[in-house]
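Numbering starts at 1 and runs along the sequence shown. Reckoned from all heavy atoms, side chains included, excluding hydrogens, waters and symmetry mates.
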Amino acid sequence: MESMTDDHDRQHDEPTDAESTPPPGSPATGEGSADDGTGETTESNSSDEDEATTPPERDDITTDPASVLASDPIPSADRSLDDLDLDDADRSRDRSSASSDLDFDLDADPDGTDDSEGLFDDLLSGEPIFENKEVLRPSYTPRELPHRNDQINQMATILVSALRGDTPSNILIYGKTGTGKTASAKYVSQELESTSQKYDVPCEVEYINCEVTDTQYRVLAQLANKFIEKNVALIESRIDVLETVRETLAADDSPTTAAVSDIDPNKAAVSIPDAETNAEADPEGSLPIVTDQYTSVDAVDERIETLEADAEEMEPVPMTGWPTDRVYSTFFEAVDYNERVVVIMLDEIDKLVEKSGDDTLYNLSRMNNELTNSRISIMGISNDLKFTDFLDPRVKSSLGEEEIVFPPYDATQLGDILQHRAEVAFKPDALTGDVIPLCSAFAAQEHGDARRALDLLRTAGELAERSQADIVEEEHVRQAQDKIELDRVVEVVRTLPTQSKIVLFSIILLEQNGVHNINTGEVFNIYKRLCEEIDADVLTQRRVTDLISELDMLGIVNAVVVSKGRYGRTKEMSLSVPLEETEAVLLSDSRLGNIDDVQPFVQARFDN
């Protein structure tokens, strides 16, 4: 053991040996072997046990400082790698080697710092362009809606009767996409609810998107569960106050009468005859009613038991499984549990009628004849001005008591809307002068769609931020236009029915194989082969022609009728959307994705 230690000391005293050590894998020079200073190798007199733990030394093996340290039986007792005269690179490498051999936790960086940039460091280095991006999203409801004052005031004059405790007339709101219908209706609803709280009038607005909740069962179930949740919260607040009343009565031995107002005169009464709570914590639908007085603990306990029984009976409606009449009765009981005026806002109401008929509207419009405590008004919002043509005359007469039309925006009005939002959404001086006019012009071409204009402006800002530009320029708007158009195509193709996807895939295969002026017969031949491949039903050629017409209406293909003289007429078509992106969307469908190689099925003319 002494011999090994002396050898280490000599190694430390002779840095030239360490510095002259060749890299691993180079020919051995013998300078790393232990010697006695005369050039002759000295054998160790260690015991057999030491020999078992110390690797044999040979003149033809180059000694690396890390391996020398590793061979030390107690390396951490008196030295470390820092004791060796190594440069930084060797020390880092040798420390790593020693750590792996000895299971040491040796950090290559003694300061523990890492100056290398992570994945997001470079992206965060630039100044942000946005101040509040959410302002540019369709879900945002602004405090001011330019060029919609007339429609907002019209809605307000109709709904003001709810603040007087009367039932407002039903309202139907029409207008194309992006004309401010939903934003205006939500703005008026927020004002209605805030004013009702100000005057302690029970008035609520419930919003339902019928594009998602598109059946009578789902609409009634969603409404029922909302009111059940509010009723349970109200019952719990009543019980809390009654518990306080009971404690007061139990603490006073002499006969006394306790009312809610005696407990805390600073609290406002809610819509119950026996309790009150803080006005700010009132569940919606509260009314200031004179509270009852209690003269005994038993009377309070009896009232609490009744309320608890009411809460237990309020079973939430599952999203499936109940008969429709049971769902309706549950909703009826839940909404009528408390006195209130309810405005039910049905956005995309035409989707509900298209999917499940007018039964829902009929039931909702007739509920006021049966309700005792509550009143219901319906506000329908639709992009289709003619959807009422399919309604039952009785439903149509009661539903369309008031109609409000939202006209499309022109380019100037869109510019005002964007300017109003951009002041909040972007940092100062983040837009060049031509950005907003260009976004307005693009959106005005598509029926004055404010939603499209906002998407354009937001996407242009995102593209500028991703490219680490300081400001948003016209180039970013044009890039955003192309990106949104591609995203629209992807979404339309993704939501196509399976049969329409097979027809579109047939057209893509023909174009990929050089076929121009594709006719209906060629598409139908490929379509049949694809249906056989994925085990799908084969439609008639006439039905396939109708599907091609639908794709033409969606702007996915460009189809024209061409006369072939004595051979009749046919439809010739070409793809109107990017081929590769469209094919990728189609192949993401689980059924079409099983088609690995369809090229042998393509048998068509290859002319010019």
Side-chain angles (χ1 to χ4, degrees), residues 129-155 173-188 347-348 381-385 403-465 469 471-489 491-492 553-555 576-577:
I129 292 178
F130 289 102
E131 186 77 41
N132 184 4
K133 190 190 299 186
E134 297 303 314
V135 174
L136 300 177
R137 297 194 182 276
S139 57
Y140 176 77
T141 303
R143 296 299 303 169
E144 182 181 350
L145 290 162
H147 307 291
R148 284 297 177 253
N149 290 334
D150 292 343
Q151 289 79 11
I152 289 174
N153 290 334
Q154 191 174 352
M155 275 189 279
I173 300 174
Y174 299 102
K176 291 184 177 297
T177 301
T179 53
K181 305 182 303 297
T182 302
S184 299
K186 285 185 174 180
Y187 171 77
V188 174
D347 201 358
E348 306 286 354
I381 303 174
S382 173
N383 300 327
D384 185 2
L385 277 69
E403 295 185 355
I404 303 175
V405 178
F406 280 65
Y409 294 107
D410 58 31
T412 303
Q413 293 173 333
L414 289 173
D416 293 341
I417 294 172
L418 293 182
Q419 186 65 43
H420 184 263
R421 300 280 188 102
E423 292 174 356
V424 183
F426 290 95
K427 298 279 188 181
D429 302 323
L431 305 178
T432 59
D434 51 0
V435 168
I436 288 180
L438 186 58
C439 290
S440 304
F442 279 142
Q445 294 173 359
E446 300 190 15
H447 314 296
D449 189 344
R451 189 175 301 173
R452 178 62 179 270
L454 292 170
D455 286 344
L456 265 175
L457 185 57
R458 189 192 75 253
T459 306
E462 290 174 345
L463 293 175
E465 205 169 53
I471 58 175
V472 184
E473 300 178 349
E474 176 184 343
E475 175 188 359
H476 299 123
V477 178
R478 298 190 181 278
Q479 292 174 358
Q481 171 79 346
D482 296 337
K483 182 179 184 300
I484 290 177
E485 183 63 26
L486 179 59
D487 292 344
R488 185 192 70 83
V489 170
E491 182 63 21
V492 170
M553 291 177 59
L554 293 171
S576 301
V577 293

Would you say the side chain of [Y] lies within less than 4.5 Å of the side chain of [X], judging by non-hydrogen atoms?
X	Y	answer
Glu403	Ile173	no
Thr177	Arg451	yes
Ser382	Glu348	no
Asp416	His147	yes
Lys427	Ile129	no
Lys483	Leu463	yes

About how many Å separate [atom2] of [Y] and [atom1] of [X], when rounded to the nearest 0.5 Å?
X	Y	atom1	atom2	value
Ile404	Gln151	CD1	CD	7.5 Å
Asn383	Tyr174	CG	OH	12.0 Å
Asp455	Asp487	CG	CG	9.5 Å
Phe406	Asp150	CZ	CG	10.0 Å
Gln154	Ser184	CD	OG	11.5 Å

Is there a donor in the side chain of [X] and an acceptor in the side chain of [Y], or the other way round, less than 3.5 Å apart?
X	Y	result
Gln481	Glu485	no
Arg148	Gln413	no
Asp347	Thr182	yes

| field | Under-4.0 Å salt bridge between Glu475 and Arg478 | value | no

| field | Heavy atoms of other groups near Asp482 CG, more than 12 under 6.0 Å | value | yes

Nearest heavy atoms of [X] and [Y], plus distance in Å:
X	Y	answer
Ala480	Ala460	CB-N, 3.6 Å
Leu414	Ala450	CD2-CA, 3.5 Å
Ile471	His476	O-CE1, 3.6 Å
Ala464	Val472	CB-CG2, 4.0 Å
Leu418	Cys439	CD1-CB, 3.6 Å
Ser576	Gly555	CB-O, 3.4 Å

| field | Member of Leu431, Asp434, Thr432 meeting the side chain to side chain contact (heavy atoms under 4.5 Å, CB included) criterion with Glu473 | value | Thr432

| Quick one: side chain to side chain contact (heavy atoms under 4.5 Å, CB included) partners of Leu136, sequence neighbours excluded? | Phe130, Arg421, Ala425, Phe426, Leu454, Leu457, Arg458

| Where the side chain of Lys181 meets the backbone of Lys176, is there a donor-acceptor pair that is under 3.5 Å apart? | yes

